[in-house]
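First the structure, in the form of structure tokens, and then the observations on it.
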Amino acid sequence: MLAVENLKVHFDVKNNRGVKTKLRAVDGVSLHLKKGEAYGIVGESGSGKSTIGKAVLNLAPKTEGKIEIDGRDITMTNRANEAWLRQNAQIVFQDPHSALNPRMTIMRSVAEPIIVHTKTRGHDLRRRVEELLDIVGLSKQFIYRYPHELSGGQKQRVCIARAIALEPSLLILDEPTSALDVSVQSQILEFLASLQRDLNLTYLFISHNLSVVRYLCQRVGVMYLGNIIEEGTTKTVFEHPQHPYTKALLGAIPYPGATQPQSAPPLIGDIPSPVDLPVGCRFHTRCPVKVANLCDRLAPEHHHQTLGWASCHLLDPDLDKVGGKPE
Amino acid sequence: MVGSTNQRTNLATVMLIQDSNADHVSESFADRHASTYRTLRLYARTFRRNTSAMFGLAIVVVFLVVAAIGPWIVPFPEDATGAVHLDIKLQPPDSTHWFGTDEVGNDIFTRVVLGTRTTLQIACIVTGVAMLIGVPLGMIAGLVGGWVQEAIMRVTDVFLSVPGLVLAIAIVGALGPGIVNAMLALSLVWWPGYVRLVQAKTLALKNEIYVQAAYSIGASKLRIVFIHILPNCTSPIIVKASMDMGMAILGAASLGFLGLGAQPPFPEWGAMISIARTYLPDWWWYSFFPGLAISLTVLGFNLLGDGLRDILDPKHRD
Ligand SMILES: Nc1ncnc2c1ncn2[C@@H]1O[C@H](COP(=O)(O)OP(=O)(O)OP(=O)(O)O)[C@@H](O)[C@H]1O
Ligand code: SF4
Ligand SMILES: [Mg+2]
């Protein structure tokens, strides 16, 4: 359904001395989503999660890589691809408070994609908007309201209505609940789950909230500094994490009722800058179990398990032959 | 579970189709715009509570009315077109000549009232032209970026670094005095402020999530400019325009005072004071009333602008 091959997004930035450098926000990410699947991307702030979502929708410039949706190669940004992409993939942003034009009524916001892409107008348009509001659980009394008259949860429902207006097959959800009150979060999550089932949507769900991803997603990819470092079914990754980073993440966030992974050494230090990426394993500056003389030289390969993979030298069955020993 | 929402949706659609006609007839214009009314009422309430803004609005309205009906209410219309009554020159204010008369016996009240229209016209045109030039340039600079932005902003900065009135005087000096040239000169020095304002606002709006959302929907660039960016720039533009009306009145009067604007006997406040100043202090009324008119209009537009800023742009309140 969604296939991303070796996606790289590099931004040109100036460092504090005004010298131009490259900021490697996403650096070689591959994703393969099945139809109707919910795939979660988790990772710390700044790891490049949102940038992947934006690059898929062509809202961020791709430096390298190939993107396919429903078998259609949309890497080239020509007019036909653009129009097709806008109708088949949509995004819901993190902050519903600024995702709606304050000067537009709910009617106009939800109707906008329909107006841009179809010839539906007048009563038909009005009926379609009411139908969409009904799907997201808003009564039609909201139709001529302005965003400032709605609560955060209601605004996010409006954003979702706008995103599904053209019946896309892929929905990118960029932390859709993190700007909402806790009580509203669970409502929106439940709604997103039922929406996915009913409309057979594919979700690319971006979040740094592990429990949210665990609730909604079948598979999850863990991101660190522009790379996915572990991927697998939600159950495997959460219950038997392989990568030291995943272990640390899971250890840092208590999850009620879950078996905490054993031996989860805490994360030390800050995430390095994507302008100046560490050589070798990108996690080695913070890894509590790094292998001396190896991790800071060689980038680890993907080591596959039955239900996923992780990239860490410790998972290499031939570790002894490669050299180095755990500290 | 699967299909239950679908079913509900279909059901809802059917019901909507059935009662949609009744539904749309019963929904009045007022229903559809209830939110707009609410917003406007809130604006009106905020504005009414602001005494100085109401005072400003009152002044502006009075002058607008005077400008509109001036020619029909003045007692001596011919005094604005070069009539001479030397027998009644420099009379102090009395019941016939409320503001007194000038050195050729013209009624100062008549000339001040008729000057209102001239002044407001100049101010409107200067502000309007400045907006017409400045707003698109600012928007282009903010949206296109790169060397286009660089070029536009450099030119703007050059204009902004020279005091506007000095530049206007130089331009009129080159073109020759006259009301049209004065307007032209003022317009030419007035637009850079709008470029600055709109460019900054556009840059900020460009990164707003709802603009990103519009891109992700596939809205065209034109649609994004006219539906998402421009309407959200209007508040600061309106506020600045109101302030600028006052400043343009002052600018026009200054040019008139220097003899570079409207030429006598054309009734223009600045030009009137320019002559009247030689009759100070004994014939004080000659310069006092045009001066009062200038001060009041400038004050009115400034207070109004301040009030508008308070209701339209609450974040920028100090
Ligand atoms: N347009 C841009 N220009 C320059 N740098 C950018 C741009 N967009 C993102 N970045 C940088 O890319 C990196 C990844 O950003 P991204 O927003 O994808 O992170 P994220 O994982 O979504 O984080 P968060 O959880 O805070 O949303 C950050 O270091 C960010 O500063
Ligand atoms: S490769 Fe080395 S540094 Fe990287 S996670 Fe594994 S042990 Fe740690
Ligand atoms: Mg993000």
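Heavy-atom basis, side chains included; hydrogens, waters and symmetry copies ignored. Quick caveat: nothing in here was measured; it's all calculated off a predicted structure. Just so we're on the same page: letters track the sequence lines, and every chain starts at 1.
- Listed in order of number, the residues of residues 204-221 of chain B that approach chain A to under 4.5 Å between heavy atoms are B/E208, B/I209, B/Y210, B/Q212, B/A213, B/Y215, B/S216, B/I217, B/G218, B/A219.
- Heavy-atom pairs under 4.5 Å with chain B were tallied for A/R145, A/E112, A/H117; the largest tally goes to A/E112.
- Heavy-atom proximity under 4.5 angstrom to chain A picks out B/I227, B/H228, B/P231, B/N232 from residues 225-233 of chain B.
- Of the two parts of A/I115, only the side chain, counted from C-beta on, holds a non-hydrogen atom closer than 4.5 Å to a non-hydrogen atom of chain B.
- Looking at A/H148, the atoms closer than 4.5 Å to chain B (heavy atoms on both sides) all sit in the side chain, from C-beta outward.
- Contact of A/L100 with chain B is made through the backbone alone, with heavy-atom distances under 4.5 Å.
- Contacts between A/E82 and chain B at a heavy-atom distance below 4.5 Å are absent for every atom of the residue.
- Of the residues considered (A/T105, A/L57, A/L59, A/L166), A/L59 shows the highest number of contacts with chain B, using heavy-atom pairs under 4.5 Å.
- Neither the backbone nor the side chain of A/M107 comes within less than 4.5 Å of any heavy atom of chain B.
- Using a 4.5 Å cut-off between heavy atoms, A/F93 contacts chain B through its side chain alone, with no backbone atom that close.
- B/F55 CZ: 12 or fewer foreign heavy atoms inside a 6.0 Å radius.
- No more than 12 heavy-atom neighbours from other residues, nucleotides or ligands sit within 6.0 angstrom of CE on B/M247.
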